2 protein chains.
Amino acid sequence: MQQPLAYLVQSAERYCEQNRQRLTPNRRDVLAILVDSHMPMSAYDILDAMRSKQPSVKPPTIYRALKFLQDAKLVHSIESTNQFLVCSHLEHPHQPQLLVCQVCGRVEEIPLSEHMQAHLNESAKEHGFHLIHHAIELHGICQNCQ
Amino acid sequence: MQQPLAYLVQSAERYCEQNRQRLTPNRRDVLAILVDSHMPMSAYDILDAMRSKQPSVKPPTIYRALKFLQDAKLVHSIESTNQFLVCSHLEHPHQPQLLVCQVCGRVEEIPLSEHMQAHLNESAKEHGFHLIHHAIELHGICQNCQ
DNA sequence: TTAGGTAGTGTAATAACATAACGGTTTATG
DNA sequence: CATAAACCGTTATGTTATTACACTACCTAA
């Protein structure tokens with residue numbers, strides 16, 4: 001379910017090559033922290049984790065790294081909980097659909113079906129709306145917590 | 001597109017009767033402010049508007065009223081922008097789908113098609129997920145802004 | 001090789017969003 | 001009128017996110 005760090009790093013490096021950017025220590029550390037946690041984390045959760053090794057880190061450092069990781073499609077943001085999550089479907093381009101458990105706080109990412117994607121595009125088109133990206137977040141109770 | 005206040009108030013009163021609650025001045029004022037704005041507003045936007053007539057109002061008052069209005073299905077929250085919006089489809093029960101314009105900031109609410117609804121339920125079911133509610137927010141550029 | 005541009009960083013300050021906790025008031029109902 | 005539930009005001013604080021500015025690191029082309 002969870003991508004290994006090495007694979008994510010590889011993907012990050014590819015992104016960097018294509019965009020004149022660099023996978024710096026800050027960015028790598030934030031990614032590693034998110035991978036290690038196996039849970040969605042808030043920016044301040046990440047900040048706390050960073051501080052255990054580098055006490056002077058401040059919020060903008062985290063938000064900048066998260067921005068990079070989101071642009072590189074390695075991390076998704078969860079709008080309804082203000083958290084961040086490592087992408088679990090790097091293998092193909094996708095828009096995420098998130099299943100957010102209200103009990104344990106875990107979030108499962110599932111790829112949005114092509115059918116759904118088509119429907120969303122269709123409904124946007126009907127309203128003359130130029131669609132750029134979307135957030136689809138389902139809240140409920142996961143299998144484990146039932 | 002926008003519901004008239006009278007209709008919303010009527011609907012609020014029906015909700016109150018059924019739930020031993022009251023449409024108090026605070027709640028009515030917050031609703032009226034949202035209706036008047038014709039735009040999504042943040043809680044603090046609403047707070048500022050309230051203060052022009054009642055300078056001592058504080059954040060909890062707004063958040064409480066918003067909670068009531070959301071429970072009564074008169075107002076939707078927009079997770080990705082931390083804003084609130086008067087519901088524009090009171091006529092039938094629905095889960096909202098929101099089209100958020102990145103240029104003008106306006107948000108159009110469209111009813112989620114039954115087809116989409118069915119698909120979402122299906123995908124939740126496949127993953128053993130007990131679905132309670134969802135947020136579907138499409139970001140892009142609206143017709144006016146293109 | 002060095003000048004200049006872009007990417008990236010550190011830091012302080014603050015903005016923006018949201019809730020906890022408390023004690024008191026209002027309202028409906030028996 | 002006694003009671004319980006809903007509602008409110010207020011203080012304080014917690015949480016999330018950004019602005020702004022000065023600086024450093026790195027790449028590339030003259």
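On a predicted model such as this, the values are computed, not experimentally measured, just so you know.
- Looking at the side chain of A:K58, the nearest of the listed nucleotides D:dT18, C:dA18, C:dA12 is C:dA12.
- Of the candidate nucleotides D:dG9, D:dA17, C:dA18, D:dG9 has the atom nearest to the side chain of B:Q54.
- Aromatic ring orientation, A:F68 versus A:Y15: perpendicular (interplanar angle above 60°, classes split at 30° and 60°).
- In this structure, the aromatic ring of B:Y44 is positioned over the six-membered ring of the base of C:dC17, centres within 5.5 Å and planes within 30°.
- One atom, CG of B:D48, and another, P of C:dA15, lie 13 Å apart when rounded to the nearest Å.
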Take A:L74 and A:C87, measure what side-chain contact (heavy atoms from CB on, under 4.5 Å) needs, and give me the verdict at the end.
CA-CA 5 Å; A:L74 303 177; A:C87 173; 5.5 Å; no
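- Two residues are said to be in side-chain contact when any heavy atoms from C-beta on lie closer than 4.5 Å; A:N121 and A:L131 meet this criterion.
- When rounded to the nearest whole Å, the span between NZ of B:K67 and C1' of C:dC17 equals 18 Å.
- Distances shorter than 4.0 Å separate none of the side-chain N or O atoms of B:N82 from OP1 or OP2 on C:dA16.
- Atom pair B:R28:CZ and D:dC8:C1' shows a separation of 17 Å (rounding to whole Å applied).
- Straight-line distance from the CG atom of B:L23 to the P atom of C:dT26: 18 Å, rounded to whole Å.
- Checked against D:dT10, C:dA12, D:dC21, the side chain of A:R64 finds its nearest nucleotide in D:dC21.
- Here the P atom of nucleotide D:dG14 and the CG atom of A:L47 are 16 Å apart, to the nearest Å.
- Projected onto DNA chain C by closest heavy-atom contact, A:R22 and B:A43 fall at different nucleotides, the more 5' of which corresponds to A:R22.
- In this structure, B:I62 atom CD1 and C:dC17 atom C1' are separated by 13 Å, rounded to whole Å.
- Put simply, CD on A:E17 is 16 Å from C1' on D:dC26, counting in whole angstrom units.
- Heavy-atom nearest nucleotides on DNA chain D were determined for B:N19 and for A:Y63, and the one closer to the 5' end corresponds to B:N19.
- Transitive grouping of hydrophobic side chains (ILVMFWY, heavy atoms separated by less than 4.5 Å) keeps B:L90 and B:L85 in distinct clusters.
- Close to D:dT10, at under 4.0 Å from its OP1 or OP2, lies a side-chain N or O of B:S56.
- Distances shorter than 4.0 Å separate none of the side-chain N or O atoms of B:N26 from OP1 or OP2 on D:dC7.
- You'll find the ring centres of B:H139 and A:H134 outside the 6.0 Å limit.
- Across D:dA6, C:dT11, C:dT19, the shortest atom-to-atom separation from the side chain of B:P60 is found for C:dT19.
- Using cut-offs of 30° and 60° for the angle between ring planes, the B:Y44 and B:Y63 rings count as perpendicular.
- Under 3.5 Å, the side chain of A:R20 and the base of C:dG5 form no donor-acceptor pair of N or O atoms.
- Separating the CD atom of B:Q18 from the C1' atom of C:dA28 is a distance of 18 Å, rounded to the nearest angstrom.
- Residue A:T24 has a polar side-chain atom (N or O) positioned under 4.0 Å from OP1 or OP2 of C:dT9.
- A sub-4.0 Å separation between OP1 or OP2 of D:dC8 and a side-chain N or O of B:T61 is absent.
- When heavy atoms are screened at a 4.0 angstrom cut-off, A:R27 is found touching the sugar-phosphate backbone but no base atom.
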